[in-house]
Number of protein chains: 2
Amino acid sequence: MSTVTITDVAKHVGVSVATISRHLSGFTVRNEEKIRQAIIDLNYRPSAAARNLKSGRTGIIAIVVPDITNPFFASIVEGAEGAVGEDRMILLVNTGDSRQREEKALAQLFGRVDGVIMAPLTEDEEGPSFFSQFGLPIVFVDRVTQDGEKFSTALTDNAKGATIATNHLIALGHKKIAMISGPLSTTPGKKRADGFKASLKESGLPCQYFIESDFSEEGGYAAMSALLEREDAPTAVFTANNLMTIGALHALRDRGVAVPNQISIIGFDDLDFAELINPPLTVIARDARLQGALAMELMIKQLTNGASTQPEHSMVDVQLVERGSCAPPREMQTIAFNKVDR
Amino acid sequence: MSTVTITDVAKHVGVSVATISRHLSGFTVRNEEKIRQAIIDLNYRPSAAARNLKSGRTGIIAIVVPDITNPFFASIVEGAEGAVGEDRMILLVNTGDSRQREEKALAQLFGRVDGVIMAPLTEDEEGPSFFSQFGLPIVFVDRVTQDGEKFSTALTDNAKGATIATNHLIALGHKKIAMISGPLSTTPGKKRADGFKASLKESGLPCQYFIESDFSEEGGYAAMSALLEREDAPTAVFTANNLMTIGALHALRDRGVAVPNQISIIGFDDLDFAELINPPLTVIARDARLQGALAMELMIKQLTNGASTQPEHSMVDVQLVERGSCAPPREMQTIAFNKVDR
DNA sequence: AGGTTATCTGCAATCGTTATCAGTAACGAT
DNA sequence: ATCGTTACTGATAACGATTGCAGATAACCT
């Protein structure tokens with residue numbers, strides 16, 4: 001427990017501190033064996049603080065996420081963890097969706113870490129980027145800020161995902177398609193909403209069931225409830241992230257709305273239990289772990305190549321996982337019936 | 001990007017470094033305003049490394065968990081995050097269920113952090129506790145090592161939870177009750193198994209469907225599959241954690257076994273979507289966030305009171321959340337039927 | 001044995017900050 | 001004018017490691 005330093009080891013062996021230091025950094029020294037033994041006997045551990053001070057490196061990479069209990073971000077972190085390598089560690093910061101905590105964290109991180117992988121809360125930044133003032137290497141994951149181009153990024157093909165989801169519903173015959181969107185101030189919020197709207201327009205459908213929510217379970221619940229209360233309710237809904245999908249499903253359940261009989265639903269981001277619910281949930285899936293790993297690789301590349309490195313942009317693909325929560329709209333039958341009726 | 005030090009600020013203002021340092025630590029100095037301005041102009045940020053070296057404190061508390069993608073541990077982390085306070089940060093280490101990574105992490109953590117909150121992989125430790133060799137303040141959360149008594153702990157009332165679950169099934173009339181258990185080498189694995197076995201014994205029931213698994217989704221799937229293949233399959237099953245519950249549910253679904261009609265299931269740990277599956281899942285729930293917060297509080301107490309502090313042990317309560325996955329066994333009817341038959 | 005390398009060694013400076021200590025200026029009281 | 005008190009300041013020694021430099025030892029060759 002005592003604080004045994006390199007000097008103690010040197011004295012114990014009878015050599016200078018320089019020799020011990022050299023041994024530690026892998027040089028061959030004369031009393032190799034004696035030193036090794038002394039280190040064990042004294043239970044010596046080099047002071048990380050002193051090393052940092054000399055070298056200017058900490059061997060720590062920070063990951064800043066808005067909400068660690070969101071399985072998506074947990075997977076990002078896990079992926080990054082897996083790619084971090086032997087000689088570095090990860091410092092996790094959970095900003096809890098608070099802009100204030102995000103700022104404070106970034107300020108505190110300076111000097112404590114070699115770089116920051118982050119999913120910023122919002123793209124809306126007044127003036128020159130808030131992040132430029134810190135000389136820290138930054139890699140954006142999942143989300144970027146306005147001037148994100150200047151940094152390396154590991155993003156998802158959001159537009160494509162939204163397009164696939166929307167077209168899937170359109171192909172099934174839906175005309176009244178709703179979207180429960182994330183905040184348009186975030187990258188995925190904006191991009192997914194854009195993809196949705198573009199798909200509707202391309203098919204000549206009006207965009208009349210668009211709700212901007214907040215990526216939270218509660219938000220999804222509220223938005224779904226609002227949609228269901230409309231006189232002319234939609235027949236299908238695209239929820240822009242996992243949490244809102246859960247919220248929406250709760251709302252549907254609470255009101256006894258049958259899926260996909262009365263309403264079809266497709267979510268962005270797969271869920272662990274998507275197959276367990278009734279009916280199994282159709283989703284747009286992506287590899288979050290891979291995305292986290294990519295972000296870490298970009299960071300490490302930047303760290304090893306020095307500040308001169310050009311920013312790189314990687315993107316993970318999305319894909320449609322059809323299960324059972326989407327079906328043709330009930331109106332299809334009604335319309336057919338009407339035709340016969342005439 | 002540049003590396004502006006306290007000396008630069010001192011020169012810029014025309015005072016000594018000592019004055020700047022004093023200003024930074026809150027003393028009143030003469031050129032207050034000038035200094036403040038210089039700090040902004042030069043964009044000076046005190047070097048954390050140098051401060052650490054002087055003070056011996058880092059302001060960082062590590063949390064070591066086996067698997068961050070497990071929602072339970074994610075909540076633990078979130079709870080701890082919430083209780084960490086203004087002037088400290090959290091360093092997350094995900095050991096990925098690897099003993100090797102756990103050891104390495106702990107060694108690397110030394111000197112980098114002021115304390116460690118950890119959920120160790122296993123209780124089985126040969127010889128004197130592995131952790132004693134590090135002079136780090138340690139708080140165990142959810143799990144302990146053999147000599148855990150010497151450290152502060154924030155645990156769950158595992159025995160009580162298992163007892164409630166088992167008795168719930170017994171009260172419904174089940175005789176053939178299975179348990180898909182976690183590793184008996186872990187605290188929750190052992191304690192929950194003990195509670196299960198004690199409950200059976202108390203009711204005079206044999207313990208013939210006990211499977212020791214590994215707290216993973218795959219493990220739960222395999223265990224459930226094995227149970228279903230037995231000639232004399234159980235009528236109820238108690239799964240010892242969230243992941244294994246998910247795995248078991250998948251196995252049931254894949255084989256088309258009806259819940260709770262053919263088999264009842266109760267899980268330890270609530271799940272976000274427990275209400276969404278069909279039927280809604282009955283579980284033993286606890287407040288993981290609270291547990292994480294408690295662990296952090298114990299750590300902070302230890303840090304502020306110094307090493308002299310007596311270890312404290314806190315425990316979070318559990319409770320039964322009845323939904324729809326448990327019902328009386330079908331045999332009840334069969335038996336009645338058989339009797340009539342004779 | 002002598003000379004020339006090739007290795008290894010210790011000394012001391014350095015990283016950026018804080019703590020100690022002695023010192024100076026300002027001010028009021030005598 | 002002198003003294004004592006208060007309130008601040010600057011120089012300097014740590015904190016524990018790394019590293020360039022110069023010197024010492026060993027190894028090698030003729």
Side-chain angles (χ1 to χ4, degrees), chain A residues 1-36 38-39 42-60 87-88 107-114 134-136, chain B residues 1-36 38-39 41-60 87 107-114 134-136:
Chain A
M1 59 140 296
S2 62
T3 161
V4 30
T5 75
I6 199 173
T7 316
D8 300 324
V9 181
K11 278 191 192 135
H12 194 262
V13 179
V15 295
S16 79
V17 293
T19 303
I20 309 294
S21 171
R22 276 188 269 258
H23 165 77
L24 289 173
S25 13
F27 288 76
T28 52
V29 296
R30 234 155 251 159
N31 307 17
E32 199 93 347
E33 200 39 59
K34 259 177 153 178
I35 294 177
R36 219 191 306 277
I39 288 178
L42 301 181
N43 190 25
Y44 163 71
R45 311 214 162 250
S47 148
R51 280 186 166 167
N52 297 350
L53 182 56
K54 269 305 276 187
S55 66
R57 303 178 354 97
T58 64
I60 298 180
D87 47 350
R88 279 189 251 255
Q108 291 202 355
L109 248 28
F110 182 86
R112 254 177 249 275
V113 301
D114 295 339
F134 303 94
L136 274 174
Chain B
M1 49 146 292
S2 63
T3 161
V4 30
T5 76
I6 200 173
T7 314
D8 301 323
V9 180
K11 278 192 192 135
H12 193 263
V13 179
V15 296
S16 78
V17 292
T19 302
I20 310 294
S21 173
R22 274 187 274 257
H23 165 76
L24 289 173
S25 11
F27 289 79
T28 52
V29 296
R30 231 157 255 158
N31 306 7
E32 199 92 348
E33 200 39 57
K34 260 176 152 178
I35 294 177
R36 218 191 306 277
I39 288 178
D41 289 352
L42 301 180
N43 190 26
Y44 163 71
R45 311 217 161 246
S47 145
R51 281 185 166 168
N52 297 350
L53 182 56
K54 271 305 276 186
S55 66
R57 302 179 356 95
T58 65
I60 298 180
D87 46 353
Q108 290 201 355
L109 249 27
F110 182 86
R112 254 178 249 275
V113 300
D114 296 337
F134 303 95
L136 274 175

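What you are looking at is a predicted structure, and each value in this text was computed from that prediction instead of being measured. Each chain gets a letter, A, B and so on, in the order the sequences are listed, and its residues count up from 1.
- As rounded to whole Å, 15 Å separates atom C1' of dC15(D) from atom CD1 of I6(B).
- End-to-end axis angle of the helix from dA1(C)-dT30(D) to dT30(C)-dA1(D), using five pairs per end and rounding to 10°, comes to 40°.
- With rounding to the nearest 0.5 angstrom, the CZ atom of R51(A) is 8.5 Å from the CZ atom of R112(B).
- Using a 4.0 Å cut-off, no side-chain N or O of S55(A) falls inside it from OP1 or OP2 of dA17(D).
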### Task
Determine, for nucleotides 7-13 of chain D in 5'-to-3' order, which nucleotides have protein heavy atoms under 4.0 Å from the base (write B), from only the sugar-phosphate (write S), or from neither (write -).
-SBBB--
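- Once rounded to the nearest 0.5 Å, the distance linking NE2 of H12(A) with CD1 of I20(A) reads 10.5 Å.
- Between A10(A) and V17(A), the shortest heavy-atom distance links the atoms CB-N, 3.7 Å.
- Taken from CG in D87(A) to CD in Q108(B), the straight-line distance is 8.0 Å, to the nearest 0.5 Å.
- At least one side-chain nitrogen or oxygen of S21(A) sits closer than 4.0 Å to the OP1 or OP2 atom of dT18(D).
- Closest heavy-atom contact between G59(B) and D114(B): N-OD2, 2.8 Å.
- Each of I6(B), V9(B), V4(B) was compared with I39(B) under the side chain to side chain contact (heavy atoms under 4.5 Å, CB included) criterion, and only V9(B) meets it.
- Note that OG1 of T3(A) is 13.0 Å distant from CZ of R45(A), once rounded to the nearest 0.5 Å.
- Between the P atom of dT17(C) and the CZ atom of R112(A) lies a distance of 13 Å, rounded to the nearest Å.
- Taken to the nearest 0.5 Å, the CG atom of L53(B) stands 9.5 Å off from the CG atom of N52(A).
- Atom P of nucleotide dG16(C) and atom CZ of F110(A) are separated by 11 Å, given to the nearest angstrom.
- Nucleotide dG16(D) holds its C1' atom 17 Å from the NE2 atom of H23(A), rounded to whole Å.
- The interatomic distance linking R51(A) (CZ) with dT19(D) (C1') rounds to 14 Å, in whole Å.
- Atom CD1 in I20(A) sits about 14 Å away from atom C1' in dC8(C), given to the nearest Å.
- Rounded to whole angstrom, the span from the CG atom of L53(B) across to the C1' atom of dT14(C) amounts to 12 Å.
- The structure places OG1 of T7(A) at 8.5 Å from OH of Y44(A), a figure rounded to the nearest 0.5 Å.
- If you measure from atom CG of D8(B) to atom C1' of dC15(C), you get 13 Å, rounded to the nearest angstrom.
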